[in-house]
Amino acid sequence: MRRLKYILLLFMPLLWSCFEDKGNYDYHEVGEIEIENVPDMIEVLSNADRIIITPKITSTIEGEIKDGDPNYEFIYRFDLKRGSISRPDPWVVLNPNGSMNLDTLATFPSNSYVGWFIVKDLRTGIETYKTFDVNITSPTFEGWMVLCNEGDDNRVRFDMISRISADRITSVHDIMTDLGLPECNNATQLGLLPSLYSQGDAIFIFSETGSYGINASTFETDESWNVKNNLFIIPPKENPVTFVSLNTGWEVDNMLRFCVTTDGNAYAKTESSFGASFELPINTSVRGGNPEYRVAPYVGVSMARPGNGSSALMYDIDNKRFVGWAYVDNADGRQIMTPLTDPENKLFSFNTGKDLVYMESTRFSGGLTYAILQAADGERCVCGINMGGDGFVQEAYYAKINASEFKQATKFAFHSQYPFMFYAVKNKVYLYDLGTSKNYPLEGIKLGVDEEVTMLKFNLYQQPSLDFLDTSDEFLEKQFNLIVGSYDNAVAGVNGGKVGFYKIERSSHSVSKLEEYDGFAKVKDVVYRERRKQ
């Protein structure tokens, strides 16, 4: 008992010093943080939707914590999801301004991602977090691909009117900038070769300074996808600006792919060959010979149905005449073109002596190609050459077009169901009935005084028997709707472009607007990305 008494007496000063020292420290209770209103899964569309989170943060001591509280730091971290949730490095910080609420465009490629919302107590360094998954889907799966020229230098820009579902269609702009498209200018054409096979579609962007294929799944591209290195072998000083495929009897194959370059040379690649074609220009009378003339950037083929035609029509701009390519059984004959000879009962001379203004292939009358020609005095005429069957059959000739402002027209389109020609002058669009020789201003297309038409087009589906995801009559009818690309110069910046879709009223020779989308640059071409059932 005495020993215990002495031990207690020995420790009493130590205990007393501890109690005395308590007032020298700032002791406080650490509150627990609870994070609410952060969803477990967020599903958004890449480059179209925003990732939005408005969390509620509560401390067991301080109550609800508000945005801007100096005692706390808020961080949203983001990365690819790799199996189980982890914290790989490096992260992408979604809120560089440190805000508690998140509202940011989903600019990431389609994939599955994991996010961390972290609340850090700056006084203690303690972090509390809540994880969430983000599923980003591609806006490029199906819809209208829109090729634009942006700004004074006509920078090539790829936009899309994305069809997410029958009930949701949204515009997505400048998709390719972050996906590797090299800088190029003066867009000319979109190319699409839909496929029923597993390797997917072939998609191309053509311009005067660079033309590239696109990965059909990710829409990524780079210099290794350069068309003149992996599809055609073309000299460095030339660049392909026009691309057309010639179908055979197979639904998913094509006999040849043609292109025309900035130098006016034509090339042909047979589908039986793999990789790029090492053939020389075909605008010659001898395979492998030097080009003998330049051709215009148009190629006429039958659009009636796959397999209905085995020839291609081009125009010699130096000698002002039509020239043709026709399928033959020998390889040498498939690498040359021949000036067309006039039939006995000709409607016009293939050796026209006129300048080619425009040429377009249609399904009208089993595969009619229309050509607009202009004489030295400015008079314009329209030739109709049937490319179905053996091709190069003179079918129609309209020597004098008595139509308002037709001589000044710069944009054209021909219908595949009716003998209708559409043309535009500045902000006005006209319909000319080739059958009755009557002209109709299209009052249903209302453009502002500062607007100008940049494109007229009918987008014929390339696989009429393709097992589309949407087989409704409304969807199938869209290929016969007039597409009008326009640009409003009164809009500040570079996004004054519009794409409008119009239904043709045959009996009244009028049109009615179906839908319109804006926010584009100067629209050059519009092509629907055809998709099939999996």
Side-chain angles (χ1 to χ4, degrees), residues 30-143 158-160 162-165 167-180 215 217-220:
V30 177
E32 293 185 4
I33 298 296
E34 182 180 8
I35 301 174
E36 301 176 277
N37 294 348
V38 176
D40 294 327
M41 169 66 76
I42 300 173
E43 294 188 282
V44 289
L45 190 66
S46 177
N47 286 294
D49 293 340
R50 304 186 73 81
I51 302 173
I52 300 175
I53 301 176
T54 307
K56 180 180 179 181
I57 306 170
T58 307
S59 167
T60 54
I61 295 177
E62 299 169 276
E64 185 174 351
I65 298 169
K66 300 293 185 179
D67 196 8
D69 191 317
N71 293 323
Y72 292 91
E73 181 181 59
F74 310 106
I75 305 170
Y76 287 92
R77 290 178 174 171
F78 196 66
D79 200 3
L80 281 172
K81 187 172 183 179
R82 301 181 178 94
S84 60
I85 293 177
S86 60
R87 296 183 60 176
D89 190 48
W91 288 98
V92 174
V93 177
L94 295 180
N95 65 330
N97 61 354
S99 61
M100 184 175 77
N101 298 326
L102 180 66
D103 186 347
T104 185
L105 184 66
T107 57
F108 304 90
S110 57
N111 217 317
S112 295
Y113 297 85
V114 60
W116 291 63
F117 173 53
I118 304 170
V119 180
K120 182 177 181 180
D121 189 328
L122 297 176
R123 297 162 296 183
T124 64
I126 295 176
E127 294 182 350
T128 306
Y129 64 85
K130 174 73 169 64
T131 62
F132 55 95
D133 289 334
V134 180
N135 185 28
I136 299 181
T137 56
S138 172
T140 61
F141 179 77
E142 183 175 5
F158 185 97
D159 295 356
M160 193 156 183
S162 183
R163 190 175 191 266
I164 311 306
S165 67
D167 301 323
R168 186 186 179 195
I169 298 176
T170 186
S171 299
V172 188
H173 303 289
D174 208 3
I175 296 174
M176 299 296 299
T177 297
D178 295 328
L179 295 177
N215 185 303
S217 299
T218 66
F219 267 50
E220 293 176 309

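Bear in mind that the values here come from a model prediction, so they are computed numbers and not experimental data.
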Peer 1: Does a side-chain heavy-atom distance below 4.5 Å link Val44 with Arg50?
Peer 2: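 When only atoms from C-beta onward are counted, Arg50 and Val44 do not touch, as no gap falls below 4.5 Å.
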Peer 1: Arg77 vs Asn95, test: side-chain contact (heavy atoms from CB on, under 4.5 Å). Steps then yes/no.
Peer 2: CA-CA 8 Å; Arg77 290 178 174 171; Asn95 65 330; over 6 Å; no
Peer 1: Do Glu62 and Tyr72 pass the side-chain contact (heavy atoms from CB on, under 4.5 Å) test, and can you show the C-alpha distance, the side-chain angles, and the key distance before you say yes or no?
Peer 2: CA-CA 12 Å; Glu62 299 169 276; Tyr72 292 91; 2.5 Å; yes
Peer 1: Measure up the Phe108 and Tyr113 rings against each other and bin them: parallel (under 30°), tilted (30 to 60°), perpendicular (over 60°).
Peer 2: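 Judged by the thresholds at 30° and 60°, the geometry between Phe108 and Tyr113 is tilted.
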Peer 1: For Thr60 and Glu32, indicate whether the former's side chain and the latter's backbone hold a donor-acceptor pair under 3.5 Å.
Peer 2: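 Yes, the answer is positive, given that a donor and an acceptor are paired below the 3.5 Å cut-off.
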Peer 1: Going by heavy atoms in the side chains, are Leu80 and Asn111 under 4.5 Å from each other?
Peer 2: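 When only atoms from C-beta onward are counted, Asn111 and Leu80 do touch, with a gap below 4.5 Å.
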Peer 1: Please say which of Pro55, Pro96, Ser99 ends up in a side-chain contact (heavy atoms from CB on, under 4.5 Å) with Tyr76.
Peer 2: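 Exactly one option meets the side-chain contact (heavy atoms from CB on, under 4.5 Å) with Tyr76, and it is Pro55.
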Peer 1: Evaluate the criterion salt bridge (charged side-chain N to carboxylate O under 4.0 Å, His left out) for residue pair Arg123 and Glu73; output intermediate values, then yes/no.
Peer 2: CA-CA 10 Å; Arg123 297 162 296 183; Glu73 181 181 59; over 6 Å; no
Peer 1: Check whether any side-chain heavy atom of Val114 lies under 4.5 Å from a side-chain heavy atom of Phe78, and answer yes or no.
Peer 2: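 Side-chain contact under 4.5 Å: no.
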Peer 1: Could you give the distance from NZ (Lys130) to CD (Glu34), rounded to the nearest 0.5 Å?
Peer 2: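 Output value for this atom pair is 11.5 Å.
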Peer 1: Which heavy atom of Pro139 sits nearest to which heavy atom of Ser162, and what is that distance?
Peer 2: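 Minimum heavy-atom contact is O-OG, 2.5 Å.
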Peer 1: Are the side chain of Asn135 and the backbone of Glu43 linked by a donor-acceptor contact shorter than 3.5 Å?
Peer 2: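 No, because the side chain of Asn135 does not come within donor-acceptor range (under 3.5 Å) of the backbone of Glu43.
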Peer 1: CG of Asp133 to OG of Ser112: how many Å apart, nearest 0.5 Å?
Peer 2: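 Reported value, rounded in 0.5 Å steps: 7.5 Å.
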Peer 1: Test side-chain contact (heavy atoms from CB on, under 4.5 Å) on Ile35 and Thr128; report intermediate values, then the result.
Peer 2: CA-CA 8 Å; Ile35 301 174; Thr128 306; 4.2 Å; yes
Peer 1: Minimum heavy-atom separation for Leu179 and Thr218, please, with both atom names.
Peer 2: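 The pair with the smallest heavy-atom distance is CD1-O, 3.8 Å.
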Peer 1: Rounded to the nearest 0.5 Å, what's the gap from CD on Glu36 to OG1 on Thr54? Could you check?
Peer 2: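 The OG1 atom of Thr54 is 13.5 Å from CD of Glu36, to the nearest 0.5 Å.
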Peer 1: Hey, could you give me the CG/CZ distance between Asp49 and Arg168, rounded to the nearest 0.5 Å?
Peer 2: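 If I round to the nearest 0.5 Å, the distance is 4.0 Å.
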Peer 1: Quick one, Thr131 and Val38 - any side-chain contact, counting heavy atoms below 4.5 Å?
Peer 2: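 No - every pair of side-chain heavy atoms lies 4.5 Å or more apart.
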Peer 1: Flag the pair Asn71 / Leu122 as yes when at least one side-chain heavy-atom distance between them is below 4.5 Å, and no otherwise.
Peer 2: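 No; the side chains remain at least 4.5 Å from each other.
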Peer 1: Could you walk me through whether Asp40 and Phe132 pass the side-chain contact (heavy atoms from CB on, under 4.5 Å) check?
Peer 2: CA-CA 5 Å; Asp40 294 327; Phe132 55 95; over 6 Å; no
Peer 1: What do you reckon, are the aromatic ring centroids of Phe117 and Tyr129 less than 6.0 Å apart?
Peer 2: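 No, the ring centres sit 6.0 Å or more apart.
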Peer 1: Quick check: does any side chain N or O of Asp67 sit under 3.5 Å from a backbone N or O of Met100, one acting as donor and the other as acceptor?
Peer 2: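 Checking the backbone N and O of Met100 against the side chain of Asp67, a donor-acceptor pair under 3.5 Å is found.
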Peer 1: Measuring from Ile33:CD1 to Glu127:CD, what's the distance to the nearest 0.5 Å?
Peer 2: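 Answer for the CD1-CD pair, Ile33 versus Glu127, is 12.0 Å.
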Peer 1: If I take atom CD1 from residue Ile51 and atom OG1 from residue Thr107, how far apart are they, to the nearest 0.5 angstrom?
Peer 2: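 These two atoms lie 7.5 Å from each other.
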